[in-house]
Amino acid sequence: MTALQLCLVFSSALFCVGLVGALARSNTILVLLGIELMLNAANINFIAFWRFSPSPAPATGVMFVIFSIAVAAAEAAVGLALVIAVYRHQKNIRLQEANRLKG
Amino acid sequence: MNAVLIVIALVTLGAAAVAMTLRNLIHSALLLIASWAGVAAFYLWAGAEFVAFAEILVYVGAVSMVVLFAVLLTRRSRADLTVTPDSAGRAISGFIAGGAVCGVLVGAIVATPMGVGSSPTPTVTVKQIGVQLMGTHAASLLIVGVLLTVALLGAIVIASADRTDDSEDTP
């Protein structure tokens, strides 16, 4: 197994840890943290392909990851603000009980 | 070379997996800090130093603090930090879905021939990154700046207390 394949296996395993966390837990903050782990796994893929490409274009993968980290930071801030808003309305952050929009 | 990568991967994955199974939210957040530090170590290993330090600044420094504040703001008492256990069916279906995705991904990766030898580590200096950010990617940089500003303002608006609907809060 080459080093590139090791990196890709690492990132898929991290993605699946995040996926299991986002699917199996019912606490909203843990679900958000699982999504953050999945975003990190995608960034690892960018860096791995940039590192092991035969003729790497200068800094393309690095640029992609920098913008991705910025978007992920915005997503985390908005998500946690939503968590606080949901908690203020129903005094609870369990996902099963956030069904006010259900109709 | 590969041994360092395997050690980094095991530490990162172990911290993330334990964080996703713990009951105490504070412990989960602290273990995820270790996991993000492991990802930063991977970036250092791959030769992307700027991204590694950006990861440490953004995730280990900022996102973890936001998560800890959210955990502390959404609890009612000291004993409220431990979440109630989830239903077994939900956990089992989550594990089945995650395991299936992991199997498919790893199978595809191992089965794909990737004819990449030990190419030399590409070097990218901070000066190159700055020139690219201000030149080729200047429009993207502006858009990301506007996006961050709008998102953070929106987060403040969403999370700020509105005094008007206190009376109608009781169902």
Side-chain angles (χ1 to χ4, degrees), chain A residues 1-10 12-21 23-27 29-30 33-34 36-37 40 43-44 47-48 50-54 56 58-59 61-63 65-67 69-71 73-78 80-85 87-89 91 93, chain B residues 1-2 5-6 9 12-13 16-17 20 25 28 32 36 39 42-43 46-48 50-51 54-55 58 62-63 66-67 70-71 73-74 83 86 90-91 93-95 97-98 101-102 105-106 109-110 114 116 119 121-122 124 128-129 132 137 140 144 147-148 151-152 154-155 158-159 161 169:
Chain A
M1 186 180 283
T2 62
L4 174 59
Q5 279 173 327
L6 271 181
C7 293
L8 296 185
V9 168
F10 168 40
S12 7
L14 193 62
F15 181 88
C16 292
V17 168
L19 184 65
V20 169
L23 289 178
R25 304 304 298 265
S26 62
N27 190 291
I29 294 176
L30 278 173
L33 289 176
E36 289 292 326
L37 278 182
N40 267 303
N43 290 346
I44 288 175
I47 290 294
W50 167 77
R51 164 71 176 80
F52 290 106
S53 60
V62 175
M63 286 298 132
V65 173
I66 289 170
F67 288 125
I69 285 178
V71 174
E75 175 258 335
V78 174
L80 291 166
L82 279 173
V83 170
I84 291 174
Y87 174 78
R88 182 170 294 126
H89 276 288
K91 301 296 173 205
I93 55 171
Chain B
M1 194 67 179
N2 281 356
L5 172 63
I6 290 173
T12 309
L13 288 173
M20 281 296 138
L25 282 176
S28 289
L32 272 170
W36 287 325
V39 175
F42 168 79
Y43 293 153
F50 187 81
V51 177
E55 168 99 10
V58 173
V63 174
V66 176
V67 168
V71 170
L73 284 175
T74 56
V83 295
D86 304 317
R90 194 182 169 89
S93 50
F95 269 109
V101 172
C102 191
L105 283 178
V106 171
I109 289 166
V110 173
M114 297 188 189
V116 184
S119 58
T121 307
V124 51
Q128 279 176 328
I129 292 175
Q132 291 235 345
H137 304 285
S140 327
V144 164
L147 175 80
L148 264 179
L152 292 179
I158 290 172
D169 206 19

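Sequence lines set the chain letters: A, B, ... in the order given, protein chains first and strands last, and positions in each chain run from 1.
A heavy-atom distance below 4.5 Å is not found between the side chains of B:F42 and B:T12. Two residues are said to be in side-chain contact when any heavy atoms from C-beta on lie closer than 4.5 Å; B:M20 and B:L32 meet this criterion.
Judged by distance alone, with hydrogens and angles left aside, the side-chain atoms of A:Q5 form a donor-acceptor pair with the main-chain N or O of B:I109 at under 3.5 Å. For A:R51 (side chain) and B:G47 (main-chain N/O), no donor-acceptor pair under 3.5 Å exists by modelled atom type.
With a 4.5 Å cut-off on non-hydrogen atoms, A:V78 touches chain B through its backbone and its side chain both. Looking at B:I158, the atoms closer than 4.5 Å to chain A (heavy atoms on both sides) sit in the backbone and in the side chain alike. Both the backbone and the side chain of B:S140 have a heavy atom closer than 4.5 Å to some heavy atom of chain A. With a 4.5 angstrom heavy-atom cutoff, B:A62 does not touch chain A via any of its atoms. Proximity to chain A is limited to the side chain of B:V58, based on heavy atoms less than 4.5 angstrom apart. Contact of B:I129 with chain A is made through backbone and side chain together, with heavy-atom distances under 4.5 Å. When heavy atoms are compared at a cutoff of 4.5 Å, B:V66 approaches chain A by way of both its backbone and its side chain. Using a 4.5 Å cut-off between heavy atoms, B:L73 touches chain A through backbone and side chain atoms alike.
Closest non-hydrogen pair, A:A48 versus A:C7, comes out as CB-CB, 3.6 Å. Nearest heavy atoms, B:G98 versus A:C16: O-SG, 3.6 Å.
The greatest number of non-hydrogen atom pairs below 4.5 Å with chain B, out of A:V9, A:L19, A:V20, is found for A:V20. Ranked by heavy-atom pairs shorter than 4.5 Å toward chain A, the options B:S28, B:A97, B:G94 are led by B:G94. Per-residue heavy-atom pair counts under 4.5 Å with chain B were compared for A:A73, A:A85, A:A3, A:A76, and the maximum is reached by A:A3. The residue among B:G154, B:A151, B:A46, B:A70 with the most heavy atom pairs within less than 4.5 Å of chain A is B:A46. No other option in B:I6, B:L13, B:V106 has as many heavy-atom pairs under 4.5 Å with chain A as B:L13. Among A:N43, A:V71, A:L14, A:I44, the residue making the largest number of heavy-atom pairs under 4.5 Å with chain B is A:I44. Comparing B:Y43, B:F50, B:F95 by heavy-atom pairs within less than 4.5 Å of chain A, the highest count is held by B:Y43. Ranked by heavy-atom pairs under 4.5 Å with chain B, the list A:I66, A:V83, A:L82, A:L80 is led by A:L80.
A:N40 meets the side chain to side chain donor-acceptor pair (under 3.5 Å) test with no other residue; sequence neighbours excluded.
To the nearest 0.5 Å, atom CG of residue B:L25 and atom CG of residue A:L33 are 8.5 Å apart.
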Practice task
I would like to know whether A:V65 and A:W50 meet side-chain contact (heavy atoms from CB on, under 4.5 Å); could you show each step before the answer?
Solution key: CA-CA 10 Å; A:V65 173; A:W50 167 77; over 6 Å; no

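Heavy-atom contacts from other residues, nucleotides or ligands closer than 6.0 Å to CZ of A:F67 number more than 12.
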